[in-house]
Amino acid sequence: MASRTSKTFLSLGRINIPLLGFNKSSGKVKYATALSINSSSGNKGLPDRGGRGSFVRRPRREAGEPRTGKMPVDQDWTAVYPAAAPFRPGSIPLPVRMGYPVKGGIPPEKKGNLELIKIPNFLHLTPAAIKKHCEALKPFCTEWPSALETDTKCDEHFPIKLESKEYVSAGPSLRNPSARIVHLRVKLSSLNLDDHARKKMIKLIGERYCKNTDVLTIKTDSCPLRQQNYDYAMYLLTVLYHESWKTEVWEAEKTVADMEDYSWEDSPSQKNILDVLLRMKVAGEGDGEEVRQQLLGRKDVQDYKDSVTRLKNEGESESSMLQYKEAVKKVFNM
Amino acid sequence: MASLMVRRRELFSLARILSGVSYLGPASLSVCSGHRKCNITRLHLPLTPSTSFHTTVLTSAAQSAITVTEEPDTLFQKLVVLVKGHDRAVLDSYEFFATMTAKELGISLGKVFEPPKDIERLTLLKSIHIFKKHRVQYEMRTHYRCIELHHITGCTAQVYLEYIQRNLPEGVAMEVTKTAMEKVPDHILEPMWKEIPTDDKPSQ
């Protein structure tokens with residue numbers, strides 16, 4: 001119907017009528033679909049009308065009905081769009097509209113619509129296509145071992161975690177230099193370390209150790225390839241482990257300031273409490289070693305020792321201060 | 001004619017999916033079961049176009065040679081796929097595609113969420129010369145989508161990531177964070193100076 005109206009316009013002798021103007025007069029603004037037919041018949045019509053016949057173009061055959069009219073409802077869509085392809089309005093039987101609408105109108109239709117061509121479409125990835133692809137890819141997949149269902153079991157059997165990143169983006173180069181970085185995380189409790197080795201290891205790794213989670217993190221980025229960084233990280237772990245088991249000669253000079261934890265034995269707190277107790281009650285017994293040992297063996301002195309150790313190691317908190325208060329009260333029999 | 005060409009392209013791309021290296025020459029598909037590594041070398045598909053060539057050609061190829069290698073497979077505790085793009089609708093569709101693929105391949109999905117978008121704004125001079133008071137402002141919006149997968153083997157991860165990455169739309173970037181797990185290596189199980197407790201010279 002629209003094509004017929006445009007052909008009647010040709011007979012009136014005007015080719016390039018803005019169809020918008022024509023449609024406005026009909027009261028409802030719409031975009032006509034016959035723009036291409038109009039221009040193509042215009043080309044044919046020009047030599048005929050002019051009568052000069054300077055050159056006769058080869059007659060161009062009419063574009064038939066687009067494929068959308070002949071598509072059955074139960075067709076195989078994966079055959080229409082098997083791979084990523086731009087939007088073809090003649091192949092998609094949907095009345096899609098996209099674009100900013102004219103004032104008082106609707107968005108433009110799909111024929112000749114650049115917005116629909118510009119945006120990436122997922123027509124080749126319909127659920128049916130995804131299912132087909134996954135069926136084809138299934139033989140190459142492996143199952144997760146059933147014995148490692150929970151995270152705790154994974155941590156128990158595979159304590160070393162290696163983290164690396166991969167980047168996919170378009171640009172002048174496909175490579176991303178940040179892809180070489182490797183993070184190695186391991187819990188020190190899963191390594192075979194004794195007390196001295198553990199303390200020495202913590203001193204050696206310093207900043208890379210997280211006290212709350214007991215995790216050592218080694219980040220390597222000094223080599224250009226990820227495989228090299230992984231090898232270097234494993235080498236560092238091996239060296240740290242073996243070095244921490246060694247006992248050097250100069251380690252015997254470890255002072256109180258180097259100690260990681262507070263220990264109450266031979267500390268000013270022990271001396272003070274013993275002096276106070278000796279002066280307080282057992283003034284007549286003398287100041288012998290066995291008296292000190294006897295005092296140390298008492299339960300309230302042991303409670304005092306626990307509370308002071310807890311205060312120094314864990315820091316000050318409500319419960320630790322209360323515990324200290326109770327212990328002091330017990331020692332002085334208040 | 002065009003449909004034939006389209007199908008051949010799809011054949012090549014699907015072959016690339018399956019081969020990963022090249023699609024020319026004779027084939028041997030090796031597939032692992034259980035804990036062993038998948039070794040995909042090459043694939044040769046007969047170039048006979050048909051409407052459902054996905055199924056017909058591949059069943060014949062899959063039955064041809066599937067071998068199992070003894071190399072141990074890597075185990076990934078977590079795989080985080082972060083996609084970035086300028087268009088939220090495109091990322092929505094991609095998220096649907098990625099999650100459906102994970103479900104079809106039997107991969108356990110973790111969280112699928114949308115981190116907040118970043119907007120980078122610039123204020124530039126509108127004119128090439130003078131007119132300092134007249135500026136123009138641009139902004140670039142980057143939307144994100146994050147998909148977490150748990151407990152995935154190396155073979156499955158390779159297949160899934162290659163499929164996902166080949167179908168990444170234009171204008172979308174991806175960042176994959178892999179967390180692999182490993183046993184404690186043999187040389188760290190016991191200290192090497194157990195026989196000699198105090199050693200001054202470290203030996204390799």
Side-chain angles (χ1 to χ4, degrees), chain A residues 76 78-85 119-122 124-125 127 130-145 148-149 151 154-155 157-170 185-186 190-192 197 234 237-239 241-249, chain B residues 6-7 9-10 13-14 17 31-35 38 40 51-52 54-55 58 62 66 73 75 77 87 90 93 97 100-101 104-106 151-153 155-156 159 163 165 167-171 173-185 187-193 197-199 202:
Chain A
D76 183 22
T78 56
V80 181
Y81 262 87
I119 197 77
N121 64 62
F122 283 77
H124 57 293
L125 293 173
I130 299 174
K131 283 198 175 76
K132 267 194 185 170
H133 295 157
C134 290
E135 282 305 310
L137 294 171
K138 268 273 186 192
F140 299 97
C141 300
T142 51
E143 273 182 20
W144 183 257
L148 297 171
E149 284 303 322
D151 269 341
C154 293
D155 291 340
H157 295 287
F158 297 90
I160 297 188
K161 314 278 184 222
L162 292 153
E163 191 188 297
S164 57
K165 288 197 184 195
E166 278 180 10
Y167 299 87
V168 179
S169 64
R185 284 191 181 88
V186 64
S190 53
L191 296 174
N192 180 18
M234 294 306 279
L237 182 66
T238 314
V239 163
Y241 179 78
H242 291 299
E243 285 293 315
S244 61
W245 271 97
K246 264 168 49 172
T247 309
E248 302 280 346
V249 178
Chain B
V6 161
R7 280 202 203 107
R9 243 185 290 131
E10 164 56 5
S13 67
L14 197 58
I17 286 173
V31 154
C32 37
S33 63
H35 204 54
C38 187
I40 310 170
T51 41
S52 58
H54 304 268
T55 43
L58 285 162
I66 297 178
D73 208 354
L75 296 168
Q77 198 172 23
D87 205 328
V90 170
S93 304
F97 159 64
M100 189 170 177
T101 309
E104 291 291 319
L105 290 177
H151 295 314
I152 178 168
T153 55
C155 290
T156 315
V159 165
Y163 183 52
Q165 284 166 6
N167 290 309
L168 198 67
E170 310 73 53
M174 186 197 281
E175 200 179 285
V176 180
T177 309
K178 298 171 161 175
T179 308
M181 14 190 252
E182 272 192 18
K183 281 190 155 60
V184 177
H187 43 270
I188 302 186
L189 284 176
E190 291 288 328
M192 59 197 244
W193 3 81
T198 52
D199 204 0

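Atoms considered below: every heavy atom in the structure, side chains included; atoms not considered: hydrogens, waters and symmetry mates. Keep in mind that what you see is a predicted model, and the values were worked out from it rather than measured. Lettering follows sequence order; numbering is per chain, from 1.
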### Query
Is chain A contacted by the side chain of Glu104(B), its backbone, both, or neither, given a heavy-atom distance below 4.5 Å?
both
### Task
With sequence neighbours excluded, tell me which residues meet side chain to side chain donor-acceptor pair (under 3.5 Å) with Glu182(B).
Tyr230(A)
#### Entry: chain B contact via Leu125(A) - side chain, backbone, both or neither, heavy atoms under 4.5 Å
side chain
## Note on the structure
chain A shares the most heavy-atom pairs under 4.5 Å, among Ala180(B), Ala173(B), Gly171(B), Gly106(B), with Ala180(B)
### Query
Relative to chain B, which of Val186(A), Asp151(A), Asp155(A), Leu191(A) shows the most heavy atom pairs under 4.5 Å?
Asp151(A)
### Query
Do Tyr241(A) side-chain atoms and Leu189(B) backbone N/O form a donor-acceptor pair below 3.5 Å?
yes
### Message
Test of understanding: with salt bridge (charged side-chain N to carboxylate O under 4.0 Å, His left out), list the residues that count as partners of Glu175(B), not counting sequence neighbours.
### Response
Lys165(A), Lys84(B)
### Heavy-atom pair of closest approach, residues Leu75(B) and Phe158(A)
CD1-CZ, 3.8 Å
